[in-house]
Amino acid sequence: MASAPKKQSPRLQRQQRIVDHVLAQGFASAAELSSLTGVSLMTVHRDLDDLATRGLLRKYHGGVSAQPSTVFESSSDFRLHTHTAEKEALAADALRFITPGMSVMLDDSTTALALARLLPDVGPLTVVSNYRQVQETLRDVPDIRLIGLGGEYSRTHDSYLGLPCQEMISTFSVDIVFISTSAMNARLTYHQEQEIVLVKRAMMGSATTKVLMMDASKVARSALHQLAPVNAFDHVLLAGDLDEALIEEMREEAEVHVAKLS
C-alpha cells in the first residue's frame with residue numbers, strides 16, 4: 001500500500017502562513033505575525049527562529065524579511081507544502097508510464113516525490129534517485145530495489161548533488177526518468193541553479209524515455225539557466241490553471257497532457 005503524504009501539523013500550517021505572508025509583503029513585524037496567526041509573541045519568535053534556521057526567512061530585531069525568491073524555489077522544505085493538489089494529479093497521470101519490472105529514475109523535485117509515494121503499488125521496480133525524501137519513502141518497500149545516488153549533500157534541496165552524483169548517474173541506463181524544474185515556456189525549460197541543471201541533464205542522458213512534470217505555477221516563466229528544450233522530452237505532463245494557447249504551442253514540441261485535479 002502506498003504511503004500518503006503526512007498531513008501538516010497546526011505548527012507547520014501556521015509557519016506556512018507566516019512564510020506566505022512575509023513572501024507577499026517582503027517583511028513583517030513579530031507583532032503583525034502574532035495578530036495574523038492568533039498566537040503569542042513568544043510562539044511567533046519560536047516559529048521565526050525555526051524558519052530562519054531552515055533558511056526560509058531572515059530574522060531581524062522585531063521581525064523578519066523574505067529571502068530572495070530563488071531561496072524559496074530551491075528549498076525542499078518550502079516546496080513540500082506548495083501546489084500539492086497539482087503535484088498529486090501529475091503523479092497519478094505519470095503512473096501510466098510505469099509497468100512492473102521497469103527501472104525508474106526520479107529527480108529531487110517534490111513532484112517526483114509525489115510519484116514515489118505511488119510506486120509501492122506498482123512493483124517490482126528499480127528506482128534510482130538523489131532525493132533523500134524519495135529514498136526515505138521507498139526504503140522499506142520489499143518490491144522496490146532502491147538505488148540512492150550519492151554526492152555532496154545539500155541541506156537546501158535535501159538531496160545529493162555535484163560531480164560525484166553526475167558521474168554516478170552516467171553509469172546507469174534506465175527505462176524512464178521523471179523530472180520537474182523551476183520554470184518553462186513553450187520552447188525551453190529552466191532552473192535557477194547551475195548545479196541542479198547539470199544533475200538533471202545527466203539524468204536525461206541516462207534514460208530511454210524522458211517525462212517532464214510541471215504544475216501551472218512554473219509555466220510561462222524563465223530562470224537564470226537553460227535546462228533543455230521542451231522537445232528533448234518525450235512527454236510533458238501539466239496540471240493547474242493553464243493558458244490554452246501556450247499548451248498548443250508546447251504540443252508543437254512534444255506530447256503534452258493536462259492532468260485533471262481531483
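The basis for the numbers below is simple: all heavy atoms, side chains too, and nothing from hydrogens, waters or symmetry mates. Since we're looking at a predicted model, the values are computed, not measured.
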*Asks:* Atom CD of residue position Glu152 - does it have more than 12 heavy atoms of other residues, nucleotides or ligands inside 6.0 Å?
*Replies:*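 No, the 6.0 Å shell around CD holds no more than 12 heavy atoms from other groups.
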*Asks:* Hey, any chance Ile169 and Val128 share a hydrophobic cluster, counting ILVMFWY side chains that come within less than 4.5 Å of each other, even indirectly?
*Replies:*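 Shared cluster, yes.
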*Asks:* Look at the side chain of Ser206 and the backbone N and O of Met203, then say whether any donor-acceptor pair between them is shorter than 3.5 Å.
*Replies:*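 Checking the backbone N and O of Met203 against the side chain of Ser206, a donor-acceptor pair under 3.5 Å is found.
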*Asks:* Say whether Ile179 and Val174 are linked into one hydrophobic cluster, either directly or through other cluster members, by side-chain heavy-atom distances under 4.5 angstrom.
*Replies:*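 Yes, one cluster joins them.
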*Asks:* How does the hydrophobic cluster around Tyr153 look, that is, which other residues are in it when side-chain heavy atoms under 4.5 Å mark a link?
*Replies:*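 Tyr160, all in the cluster of Tyr153.
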*Asks:* Assess the residue pair Glu32 and His21 against the criterion (side chain to side chain donor-acceptor pair (under 3.5 Å)); give the C-alpha distance rounded to whole Å, side-chain angles, the decisive distance to 0.1 Å, and a yes or no.
*Replies:* CA-CA 10 Å; Glu32 179 184 347; His21 180 79; 2.6 Å; yes
*Asks:* Name all residues meeting the side chain to side chain contact (heavy atoms under 4.5 Å, CB included) criterion together with Arg17; count only those two or more places apart in sequence or in a different chain, and write none if there are none.
*Replies:*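 With neighbours one apart ignored, the set is Leu36.
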*Asks:* Spell out, as yes or no, whether a donor-acceptor pair under 3.5 Å connects the side chain of Thr37 to the backbone of Leu33.
*Replies:*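 Between the backbone of Leu33 and the side chain of Thr37 there is a qualifying donor-acceptor contact (under 3.5 Å).
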*Asks:* Scan side-chain atoms only and decide if His157 and Glu193 contain a donor-acceptor pair under the 3.5 Å cut-off.
*Replies:*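 Note: His157 and Glu193 side chains meet the donor-acceptor criterion.
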*Asks:* Any donor-acceptor pair under 3.5 Å linking the side chain of Ser180 with the backbone of Ser109?
*Replies:*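 Judged by distance alone, no pair lies under 3.5 Å.
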*Asks:* For Asn130 and Leu161, which heavy atoms make the closest approach, and how far apart are they?
*Replies:*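 Nearest heavy atoms, Asn130 then Leu161: ND2-CD2, 3.7 Å.
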*Asks:* Spell out, as yes or no, whether a donor-acceptor pair under 3.5 Å connects the side chain of Thr137 to the backbone of Gln133.
*Replies:*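 Yes, the answer is positive, given that a donor and an acceptor are paired below the 3.5 Å cut-off.
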*Asks:* Test your reading of the model: is there a side-chain donor-acceptor pair from Arg201 to the backbone of Leu227, 3.5 Å cut-off?
*Replies:*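 Yes, the answer is positive, given that a donor and an acceptor are paired below the 3.5 Å cut-off.
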*Asks:* How close do Val177 and Met204 get, heavy atom to heavy atom, and via which atoms?
*Replies:*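 Distance-wise, the nearest heavy atoms are CG1-CA, 4.4 Å.
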*Asks:* Taking Arg155 first and then Asp158, would you say they form a salt bridge - that is, a charged N and a carboxylate O separated by under 4.0 Å?
*Replies:*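 A salt bridge is absent here (no side-chain N lies under 4.0 Å from a carboxylate O).
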*Asks:* Say whether Met102 and Leu95 are linked into one hydrophobic cluster, either directly or through other cluster members, by side-chain heavy-atom distances under 4.5 angstrom.
*Replies:*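 They do share one cluster, since a chain of ILVMFWY contacts under 4.5 Å joins Met102 to Leu95.
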*Asks:* Do you know the tightest heavy-atom contact between Ala183 and Ala223?
*Replies:*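 Answer, listing the atom of Ala183 first, then Ala223: CB-N, 4.1 Å.
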*Asks:* Looking at Asp215 and Lys87, is there a salt bridge between them, counting it only when a charged N and a carboxylate O are closer than 4.0 Å?
*Replies:*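 Salt bridge absent between Lys87 and Asp215.
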*Asks:* Is it the case that more than 12 heavy atoms not belonging to Arg251 sit under 6.0 Å from its CZ atom?
*Replies:*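 Count over threshold, so yes.
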*Asks:* Treating Ile, Leu, Val, Met, Phe, Trp and Tyr as nodes and any side-chain heavy-atom pair under 4.5 angstrom as an edge, say whether Val219 and Met213 lie in one connected cluster.
*Replies:*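 No, because Val219 and Met213 fall into different hydrophobic clusters, even though each may have its own neighbours under 4.5 Å.
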*Asks:* One thing to verify: whether Asp108 and Arg132 come together as a salt bridge, which I'm taking to mean a side-chain N less than 4.0 angstrom from a carboxylate O.
*Replies:*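 No, no charged N to carboxylate O under 4.0 Å.
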*Asks:* Give me the other members of the hydrophobic cluster that Tyr190 sits in, counting Ile, Leu, Val, Met, Phe, Trp and Tyr linked by side-chain heavy atoms under 4.5 Å, directly or via other members.
*Replies:*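 Hydrophobic cluster check, Tyr190: joined to Leu188.
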*Asks:* Treating Ile, Leu, Val, Met, Phe, Trp and Tyr as nodes and any side-chain heavy-atom pair under 4.5 angstrom as an edge, say whether Val134 and Phe97 lie in one connected cluster.
*Replies:*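 Cluster IDs for Val134 and Phe97 match.
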*Asks:* Which heavy atom in Thr189 sits nearest to a heavy atom in Ala228, and how many Å separate them?
*Replies:*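 That would be OG1-O, 2.7 Å.
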*Asks:* Output yes when a side-chain donor or acceptor of Gln194 lies under 3.5 Å from a complementary backbone atom of His225, and no otherwise.
*Replies:*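 No, the answer is negative, given that no donor and acceptor are paired below the 3.5 Å cut-off.
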*Asks:* Under 3.5 Å, side chain of Ser103 to main-chain N/O of Asp175, donor-acceptor pair present?
*Replies:*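 Yes, because the side chain of Ser103 sits within donor-acceptor range (under 3.5 Å) of the backbone of Asp175.
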*Asks:* Salt bridge check: are Arg187 and Glu252 linked by an N-O gap of less than 4.0 Å?
*Replies:*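 Yes, this pair counts.
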*Asks:* Any donor and acceptor pair, going by atom type alone, linking the side chain of Thr110 with main-chain N or O of Leu113 inside 3.5 Å?
*Replies:*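 Checked: no pair found.
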